[in-house]
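Have a look at the structure below before the remarks.
On a predicted model such as this, the values are computed, not experimentally measured, just so you know.
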Amino acid sequence: MLRNNTESYGLVTILFHWIIAIIFIGQILLGYLMVRTSDFALQFSLFQWHKSFGFLILGLSAFRLLWRMANPRPRDPVDMSRIERLAAHMAHGILYLALFLIPLTGWALASSSPLQIPTFAFNLVVIPSLPLTISDQAEAFWTASHAWLAYLSAFIAAAHILAAFHHHFWKKDAVLRRMLGWHSRIRIAAQKDIRS
């Protein structure tokens, strides 16, 4: 099943979710490591990989948003409270926004830096700079914006993961299973058992 339905997510949505999630976690680790190495050659390489994966997240997020707009979202579990629904929708909204804002502020940072180091996306293409003011002040502003957005989204992503575990282990509903693709398979197996 490629598309979402009212009960579960389709394969395309599941792949978008997990691929972006893995890259996002990797970006946090890469961002932490690249500013703590004293080897300049390694640091340059890590910065280029960080920027490359940032652009990949930006592109994948654009396609994911288009797919999201063209597909129904599965219904929330019936036992979710209004506060839980509101918190879940707010967290999803902030994370969607962060997937665009974090790469864009990173791009702005690279574009406004007086060093003007080119961005080689996966060593395949040079990404042009944004038409921004080049100065130490601009670089400091975009550096702080990029970092704080990354910290905020990492905190919200951690809360999102904990909420998924809460639903799976405590409430024992299908919230996590349907993003793993297990919900529809369990439902299909149950329907086969009923028929036989």
Side-chain angles (χ1 to χ4, degrees), residues 1-33 50-109 141-187:
M1 178 179 73
L2 293 178
R3 297 177 66 87
N4 302 346
N5 58 41
T6 56
E7 298 298 323
S8 60
Y9 292 104
L11 180 62
V12 174
T13 299
I14 292 169
L15 287 175
F16 271 133
H17 178 274
W18 291 111
I19 290 170
I20 292 172
I22 290 166
I23 298 171
F24 177 82
I25 293 167
Q27 282 289 80
I28 292 171
L29 297 173
L30 191 53
Y32 180 83
L33 290 173
H50 186 72
K51 291 191 281 186
S52 297
F53 281 111
F55 281 108
L56 182 58
I57 285 177
L58 188 61
L60 287 173
S61 297
F63 283 115
R64 181 182 182 181
L65 184 60
L66 291 172
W67 183 259
R68 166 72 179 84
M69 290 162 49
N71 279 266
R73 186 178 179 278
R75 291 183 299 233
D76 292 323
V78 291
D79 62 339
M80 275 183 77
S81 69
R82 286 185 63 189
I83 293 175
E84 283 181 310
R85 290 173 202 269
L86 179 62
H89 291 293
M90 283 181 61
H92 288 146
I94 292 170
L95 287 173
Y96 263 107
L97 192 60
L99 291 174
F100 289 95
L101 290 180
I102 295 173
L104 288 172
T105 54
W107 192 2
L109 163 58
F141 171 79
W142 291 116
T143 297
S145 301
H146 187 65
W148 281 107
L149 282 168
Y151 294 142
L152 174 64
S153 60
F155 175 78
I156 294 170
H160 176 69
I161 293 166
L162 290 173
F165 286 150
H166 170 75
H167 278 278
H168 187 73
F169 293 109
W170 182 263
K171 300 187 83 171
K172 300 189 185 304
D173 59 26
V175 166
L176 179 59
R177 287 197 310 270
R178 66 187 186 180
M179 189 47 84
L180 293 169
W182 297 347
H183 182 64
S184 56
R185 285 199 294 271
I186 290 169
R187 186 166 45 83

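To the nearest 0.5 Å, atom CG of residue Leu15 and atom CZ of residue Arg64 are 11.0 Å apart. One finds the OG1 atom of Thr143 at 4.0 Å from the CG atom of Leu109 (value rounded to the nearest 0.5 Å). Atoms CZ and CE, on Arg3 and Met1 in that order, are 11.0 Å from each other to the nearest 0.5 Å. From His166, atom NE2 reaches atom CG of Leu176 across 12.5 Å, with rounding to the nearest 0.5 Å. Taking CD1 from Ile28 and CD1 from Ile102, the interatomic distance works out to 7.5 Å, rounded to the nearest 0.5 Å. Taken to the nearest 0.5 Å, the CG atom of Asp173 stands 8.0 Å off from the CZ atom of Arg178.
In this structure, Phe165 places its CZ atom where only 12 or fewer heavy-atom neighbours from other residues, nucleotides or ligands lie under 6.0 Å away. Dense packing is recorded around CG of Leu162, with more than 12 heavy atoms of other residues, nucleotides or ligands lying under 6.0 Å away.
Counting all heavy atoms, side chain and backbone alike, Pro77 lies closest to Arg85 at O-NH2, 3.3 Å. Closest heavy-atom contact between Leu95 and Ala157: CD2-N, 4.0 Å. In this structure, His167 and Val175 approach most closely via the heavy-atom pair ND1-CG2, 3.7 Å. Considering every non-hydrogen atom in both Ser153 and Phe24, the closest pair reads OG-CZ, 3.4 Å. Contact between Gly54 and Gln27 at its shortest, heavy atoms only, is N-NE2, 3.2 Å. Residue Ser145 comes nearest to Thr105 through the heavy atom pair CB-CG2, 4.3 Å, listed as atom of the first residue, atom of the second, then distance.
Note on residues 11-22: pairs passing side-chain hydrogen bond (donor to acceptor under 3.5 Å, both in side chains), not counting sequence neighbours, are Asn4-Thr13, Thr13-Trp67.
Residues His168 and Arg177 are in side-chain contact: their nearest non-hydrogen atoms beyond the backbone lie under 4.5 Å apart.
Between Tyr151 and Trp148, the ring-plane angle classifies as perpendicular under the 30° and 60° cut-offs.
Remark: the backbone N or O of Trp142 is not paired with any side-chain donor or acceptor of His146 at under 3.5 angstrom.
Every residue meeting the side-chain hydrogen bond (donor to acceptor under 3.5 Å, both in side chains) condition with His89, not counting sequence neighbours, appears here in chain and number order: Asp76.
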Open item on the list: Walk me through whether Arg68 and Phe16 qualify under side-chain contact (heavy atoms from CB on, under 4.5 Å).
Closed with: CA-CA 10 Å; Arg68 166 72 179 84; Phe16 271 133; over 6 Å; no
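Partner of Leu99 under the side-chain contact (heavy atoms from CB on, under 4.5 Å) criterion, chosen from Ile23, Leu58, Leu60, Ile57: Ile57.
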